[in-house]
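Worksheet for the structure shown next.
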Amino acid sequence: MCYGKCARCIGHSLVGLALLCIAANILLYFPNGETRYASENHLSRFVWFFSGIVGGGLLMLLPAFVFIGLEQDDCCGCCGHENCGKRCAMLSSVLASLIGIAGSGYCVIVAALGLAEGPLCLNSFGQWNYTFASTEGQYLLDTSTWSQCSEPRHVVEWNVSLFSILLALGGIEFILCLIQVINGVLGGICGYCCSRQQVRTCVKMSNMTAKRTTPGQNHNLPLFHCNLYILLVLICKTLY
């Protein structure tokens, strides 16, 4: 199993999901494409929490770019006495994953609350209020009640669709970041992915380093680390 390629795949997926979250959140400000409701403050309060822009969007781009930068073509840095570098990078990606989990979790929670409360709309009595707030989300199952909101037109469908999209996208982001937590821990413990050719190159470099070592020099510790790294990679390739 190649932990670096897995992280890169997750990173690219998160970038796309983050952009979709930002777009969905922006659309919530313009019911039916009209801007006056935002200027008149006739939007659901949960729209102003920026769950898709900040939580599922900007906060998600940080771990995404970290994951994308994890995979490198050269896997033989260990023989240059930098054997711990890629393991540390994989383990550090766990911290970035936690940021992503926090952002996606925020997006999911706000979207769920926005769905449960319903939109702010003009009801049949000519008052702006949260018409479905007392239904505890039951209005989602009874579409015949959606006509109680006369303005903005189709605002219930607008809010339900976009908050549902944010809920789904945030959930997917949460799962991907959780997968990267596991992937980062395994990659840090078991070793970064190397191809068989790269392992052979590492072995050759290790032998060359041993031949260049003079009697007065002691390079046993770095050489031991490099050989241990190669052994762990071979074990991981056998297991996966």
Side-chain angles (χ1 to χ4, degrees), residues 1-31 33 35 38 43-73 85-120 137 140 155 157-190 192-193:
M1 180 178 181
C2 191
Y3 305 105
K5 289 184 178 179
C6 179
R8 185 180 179 86
C9 180
I10 292 175
H12 284 299
S13 300
L14 288 178
V15 170
L17 292 170
L19 295 178
L20 289 175
C21 280
I22 293 174
N25 200 157
I26 291 175
L27 288 175
L28 281 169
Y29 292 99
F30 309 106
T35 60
L43 297 176
S44 170
R45 58 179 174 172
F46 290 108
V47 175
W48 301 102
F49 280 35
F50 305 107
S51 61
I53 296 176
V54 177
L58 299 179
L59 278 179
M60 201 57 55
L61 291 176
L62 173 61
F65 291 138
V66 171
F67 301 159
I68 291 173
L70 284 177
E71 196 206 11
Q72 299 176 7
D73 293 331
K86 291 180 180 179
R87 284 198 183 92
C88 292
M90 290 299 294
L91 289 174
S92 66
S93 72
V94 175
L95 298 178
S97 300
L98 296 179
I99 296 175
I101 288 175
S104 59
Y106 175 71
C107 181
V108 168
I109 292 172
V110 173
L113 292 174
L115 282 173
E117 186 175 62
L120 176 66
L140 296 170
V155 67
E157 293 90 332
W158 190 267
N159 271 36
V160 169
S161 299
L162 292 175
F163 273 127
S164 297
I165 290 173
L166 287 175
L167 183 65
L169 293 177
I172 296 173
E173 289 175 339
F174 185 90
I175 294 173
L176 289 177
C177 289
L178 192 60
I179 291 174
Q180 179 54 31
V181 169
I182 301 172
N183 182 58
V185 171
L186 291 177
I189 294 175
C190 194
Y192 199 83
C193 174

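Val110 has its side chain out of reach of Phe50: every pair of non-hydrogen atoms, C-beta onward, lies at least 4.5 Å apart. Here the side chains of Leu14 and Cys177 are in contact, with some heavy-atom distance below 4.5 Å. Here the side chains of Met90 and Leu186 are not in contact, with every heavy-atom distance at 4.5 Å or above. Ile22 places a side-chain heavy atom less than 4.5 Å from the side chain of Ile26. Contact annotation: the side chain of Asn159 approaches that of Leu28 to within less than 4.5 Å [non-hydrogen atoms, C-beta and beyond].
Closest approach of Leu27 and Trp158 over heavy atoms only: O-NE1, 2.9 Å. The two residues Leu166 and Cys21 have their closest heavy-atom pair at CD2-O, 3.5 Å. The two residues Gly170 and Val108 have their closest heavy-atom pair at C-CG2, 3.4 Å. Of all non-hydrogen atoms in Val181 and Ser97, the two that sit nearest each other are CG2-CB, 3.4 Å.
Rounding to the nearest 0.5 Å places SG of Cys9 at 10.5 Å from CG of Asn183. The OG atom of Ser13 lies 12.5 Å from the CD1 atom of Ile175; values are rounded to the nearest 0.5 Å. Here CD1 of Ile10 is found 9.0 Å from OG of Ser93. Values are rounded to the nearest 0.5 Å. Rounded to the nearest 0.5 Å, atoms CG (Leu162) and CG (Leu167) are 12.5 Å apart.
Under the rule for a ring-ring contact (aromatic ring centres under 6.0 Å, His included), Phe163 has no partner lying at least two apart in sequence or in another chain.
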Exercise. What do the steps show when you test Glu157 against Val160 for side-chain contact (heavy atoms from CB on, under 4.5 Å), and what is the final call?
Worked result: CA-CA 5 Å; Glu157 293 90 332; Val160 169; 5.9 Å; no

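In this structure, Ser104 contributes its side chain and Ile101 its backbone to a donor-acceptor pair below 3.5 Å.
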Please list every donor-acceptor pair under 3.5 Å in which a side-chain atom of residues 51-68 meets a protein atom from a residue at least two apart or in another chain.
none

